[in-house]
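Quick caveat: nothing in here was measured; it's all calculated off a predicted structure. Just the heavy atoms: all of them, side chains too, but no hydrogens, waters or symmetry mates, feed the values below.
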Amino acid sequence: QVHLVESGGGLVQPGGSLRLSCAASGSIFSPNAMGWYRQAPGKGRELVAVITRGGNINYADSVLGRFTISRDNSKDTVYLQMNSLKPEDAAVYYCNAERQALPKYTTWGQGTQVTVSS
């Protein structure tokens with residue numbers, strides 16, 4: 001029943017920036033953790049960054065120092081600011097939301113394409 005709406009993907013040159021957003025709706029039970037995963041052609045889906053309601057954050061080593069995740073708990077919205085983008089960052093980026101307390105759920109967005117090319 002929880003629906004995730006993603007936006008912000010697109011085409012950017014190497015060294016450029018993009019800002020992704022994802023809003024959770026359709027439930028009065030807020031997710032504990034929201035984050036971003038990505039999947040490139042021929043690759044598995046990998047964690048990019050995740051943030052909890054309390055502000056605990058984890059980043060993949062490959063994006064540390066370049067990407068910043070943030071969250072607006074009042075809106076159940078998560079953001080991913082991506083700077084200094086590299087061609088290897090190109091992938092479909094998926095938003096994820098999880099709740100550990102009852103009622104438990106895990107929800108994925110449809111994905112948004114990020115292309116990094118000159």
Side-chain angles (χ1 to χ4, degrees):
Q1 294 180 347
V2 178
H3 182 62
L4 302 179
V5 179
E6 303 160 325
S7 63
L11 173 65
V12 65
Q13 294 183 331
S17 298
L18 286 173
R19 182 176 173 86
L20 307 182
S21 64
C22 173
S25 63
S27 177
I28 65 172
F29 303 103
S30 299
N32 170 255
M34 298 186 70
W36 294 93
Y37 294 70
R38 67 187 182 187
Q39 188 166 17
K43 302 283 188 177
R45 189 171 298 186
E46 64 176 357
L47 173 70
V48 177
V50 63
I51 184 170
T52 69
R53 288 185 60 84
N56 188 25
I57 296 172
N58 286 318
Y59 292 103
D61 289 342
S62 60
V63 307
L64 190 65
R66 299 187 297 119
F67 291 10
T68 302
I69 190 170
S70 60
R71 177 171 177 169
D72 185 340
N73 290 334
S74 66
K75 299 179 180 180
D76 287 332
T77 300
V78 65
Y79 307 91
L80 185 68
Q81 179 67 46
M82 304 184 293
N83 298 326
S84 301
L85 283 162
K86 305 174 181 178
E88 51 262 43
D89 294 318
V92 177
Y93 284 69
Y94 296 92
C95 182
N96 172 266
E98 290 189 356
R99 178 180 170 87
Q100 287 77 48
L102 294 176
K104 297 176 63 176
Y105 61 74
T106 299
T107 303
W108 293 92
Q110 292 297 113
T112 183
Q113 178 70 53
V114 172
T115 302
V116 185
S117 176
S118 60

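- Under the 4.5 Å side-chain criterion, counting only non-hydrogen atoms from C-beta, Y93 is in contact with M82.
- Evaluation of the salt bridge (Lys or Arg N to Asp or Glu O under 4.0 Å) rule for E46 yields R38 as partners, not counting sequence neighbours.
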For residues 13-20, which side-chain donor-acceptor pairs fall under 3.5 Å, sequence neighbours excluded?
unit_1	atom_1	unit_2	atom_2	d
S17	OG	N83	OD1	2.8

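- Applying side chain to side chain contact (heavy atoms under 4.5 Å, CB included) to C22 and the options L80, D76, V78 leaves one that passes, V78.
- Nearest heavy-atom pair across V50 and A33 is CG2-CB, 4.1 Å.
- When all heavy atoms are compared, the tightest approach of Y37 to R45 is CB-CG, 3.7 Å.
- Between A24 and V2, the shortest heavy-atom distance links the atoms CB-CG1, 4.2 Å.
- Looking at heavy atoms from C-beta onward, Y79 lies in side-chain contact with T77 at the 4.5 angstrom threshold.
- Between the side chain of Y59 and the backbone N or O of I69, at least one donor-acceptor pair lies under 3.5 Å.
- Using a distance-only test at 3.5 Å, with no hydrogens or angles considered, a donor-acceptor pair links the side chain of N73 to the main chain of R53.
- Here the NZ-CG distance, from K104 to N32, works out to 11.0 Å after rounding to the nearest 0.5 Å.
- For the pair R71 and P31, the tightest heavy-atom approach, listed with the atom from each and the gap, is NH2-O, 2.6 Å.
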Return all side-chain donor-acceptor pairs below 3.5 angstrom for residues 106-118, not counting sequence neighbours, or 'none' if the list is empty.
unit_1	atom_1	unit_2	atom_2	d
T112	OG1	G9	N	3.3
Q113	NE2	A91	O	3.4

